[in-house]
Protein chains: 2
Amino acid sequence: MFDLPSLKIKARSGIYATGQERVVQILETAVEILIQDGFPSVTLREIARRMDIRVSAIHHYYSSRDDLILDVLSGVLSSYEEFFEGLRTASDLQPEERLRAFINAILDDILTLKTTRLFPELWALAGRDENVSRMIDAIYIRSRVLVTRCIAEINPALDLRTRENLALFLTASLEGVTIFAGHGKPWAGEMPQLKAIACDSLIAMVCNARPIADPDPDWRPPTLLDAASYVALTDPV
Amino acid sequence: MFDLPSLKIKARSGIYATGQERVVQILETAVEILIQDGFPSVTLREIARRMDIRVSAIHHYYSSRDDLILDVLSGVLSSYEEFFEGLRTASDLQPEERLRAFINAILDDILTLKTTRLFPELWALAGRDENVSRMIDAIYIRSRVLVTRCIAEINPALDLRTRENLALFLTASLEGVTIFAGHGKPWAGEMPQLKAIACDSLIAMVCNARPIADPDPDWRPPTLLDAASYVALTDPV
DNA sequence: TTCAATATTGGACACTTGACCTGCTTTCAA
DNA sequence: TTGAAAGCAGGTCAAGTGTCCAATATTGAA
């Protein structure tokens, strides 16, 4: 009924085993509420209610709600980081087929309840919170690493800026499908057809793209992150 | 600094002029808060604070907060309905150029603060509220009327289902750009390039699409609306 | 001008939320 | 086994919320 979120939990220092488990339980419960009922419902009391513990127990691990929420977001986004990392490494395919696999994987992921509910919440939150904006920026940069490389291999004539813009539009196109064909949305049943359309049109877009006439050698992809963080995300391992 | 939202206000019965104005002020203030600070900040007290009136004054017009919110959403979405209607009627262009104009208009609109803030909030809300889902479904159906007609004219060989799926993916692609290149987002500066990419790739998609082998004659576009409401939205006037 | 309909105030109510604090209980290394 | 650290219960607090109501002020047609 409800696919349990696989969170990546940040390590804590010198703690009893029971405490370690509690933190995991707290975060997982928070994500569960977030997915089922949205951000406003993620209150300390609702978490405590579902876990059948007292609010002060949560407060023992997180001195403020904001700290907790930050940990929740970080845990959620880390799990997607792993998802993208898995996509990137597990492909010995040709560039075009690799891109096709990426598109299909993203659109499959969009069909899950978790992604359908979570990302619109994050997009909305990003409009009001600079930290969330940066976290989302980071995760999407990670997701585009594979795409930009495929584009460079498929169409080597392209300049950096065109490559990056194509990757961005490709990613944006897929994310937009969440709104209409995500889990439980009216068009979810058409996802097989949409996948085919997305693959065909987006790969054709990459193949037929032409470099801009006078590329600016100083152009760099725009980001909310500082240069060092950006490089760390895009650097080949 | 802040583009004032043009709301379409529902008519009320037998009321003083001051009351008519108040309702407009209340709704406009609510939208202002919604855009600036997000949904959770739209409280009766925050509206009253900004208008320098008492909470009970608002309560005189809306017996519950839910009623008010519903009117806010309805007003906001009506304004977009007018936007789409204007796009549809004011174009004596060839189908391909009409589609190009649509894509550019949507991406221009995405650059506004209003749309960048509002729609992610609506998408998030749709995940938790069936009524909002239906309202959004309705407004996007309106927005696709023009697109589906252009597609039918550009590529007459296509069956209904392929046409509708193409229109959906095209719209989804554009909406997805909001997340990355909306007002104040990192890629907003690349919008001219993204517009060119979107136009080229999406129009090529429509031109090169091929009908499915064995179309189901009973297939109808999926929607949350009942049949009558759907027809009313798509029927040519 | 009159006066009933309408608009608005000011306050009260019950409820929720995050934060915090004191004291009891459990854990687990020394 | 012991005791300090960690976990947790129970309750309090101020600040916030939507709702409601009685009293007052304003409007505008008759």
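As the structure is a computational prediction, the values presented were derived from the model and not from experiment. Numbered from 1 within each chain, the chains take letters A, B, ... in sequence-line order.
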For [N], does either OP1 or OP2 sit under 4.0 Å from a side-chain N or O belonging to [X]?
X: A:Arg65; N: C:dG18; answer: yes
X: A:His60; N: D:dG7; answer: yes
X: A:Tyr61; N: D:dC8; answer: yes
X: B:Arg54; N: C:dG10; answer: yes

(request) Indicate, yes or no, whether a donor-acceptor pair under 3.5 Å links the base of D:dA5 to the side chain of A:Tyr16. (result) yes
Measure [atom1]/[X] against [atom2]/[N] and give the value in whole Å, please.
X: A:Phe39; N: C:dG18; atom1: CZ; atom2: P; value: 13 Å
X: B:Arg22; N: C:dT8; atom1: CZ; atom2: C1'; value: 8 Å
X: A:Ile58; N: C:dC20; atom1: CD1; atom2: C1'; value: 15 Å
X: B:Asp52; N: C:dG10; atom1: CG; atom2: P; value: 10 Å
X: A:Met51; N: D:dA9; atom1: CE; atom2: C1'; value: 14 Å
X: B:Gln20; N: D:dT26; atom1: CD; atom2: C1'; value: 16 Å
X: A:His59; N: C:dT17; atom1: NE2; atom2: C1'; value: 11 Å
X: A:Ile47; N: D:dC8; atom1: CD1; atom2: P; value: 15 Å

Just call it for [X]: base, sugar-phosphate, or nothing, with non-hydrogen atoms closer than 4.0 Å on any strand.
X: A:Ser56; result: base
X: B:Thr43; result: sugar-phosphate
X: B:Val55; result: base
X: A:Arg45; result: base
X: A:Ala57; result: sugar-phosphate

**OP:** Compute whether any side-chain donor of one residue and acceptor of the other, for B:Ser74 and B:Asp71, lie under 3.5 angstrom apart.
**Re:**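 No donor-acceptor contact under 3.5 Å links the two side chains.
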* To do: Compute whether any side-chain donor of one residue and acceptor of the other, for A:Thr115 and A:Tyr80, lie under 3.5 angstrom apart.
  => yes
Note to self: Within the 4.5 Å heavy-atom criterion, are B:Leu77 and B:Met135 side-chain neighbours or not?
What the structure shows: yes
May I ask you to test the B:Val31-B:Val42 pair for a side-chain heavy-atom distance under 4.5 Å?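 They are not in side-chain contact.
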Interatomic distance, NZ@A:Lys114 vs CD@A:Glu32, rounded to 0.5 Å, equals 12.5 Å
Checklist entry - Closest nucleotide of DNA chain D for B:Ala17 versus for B:Ser41: which of these residues is on the 5' side? => result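 Counting from the 5' end, the first nearest nucleotide belongs to B:Ser41.
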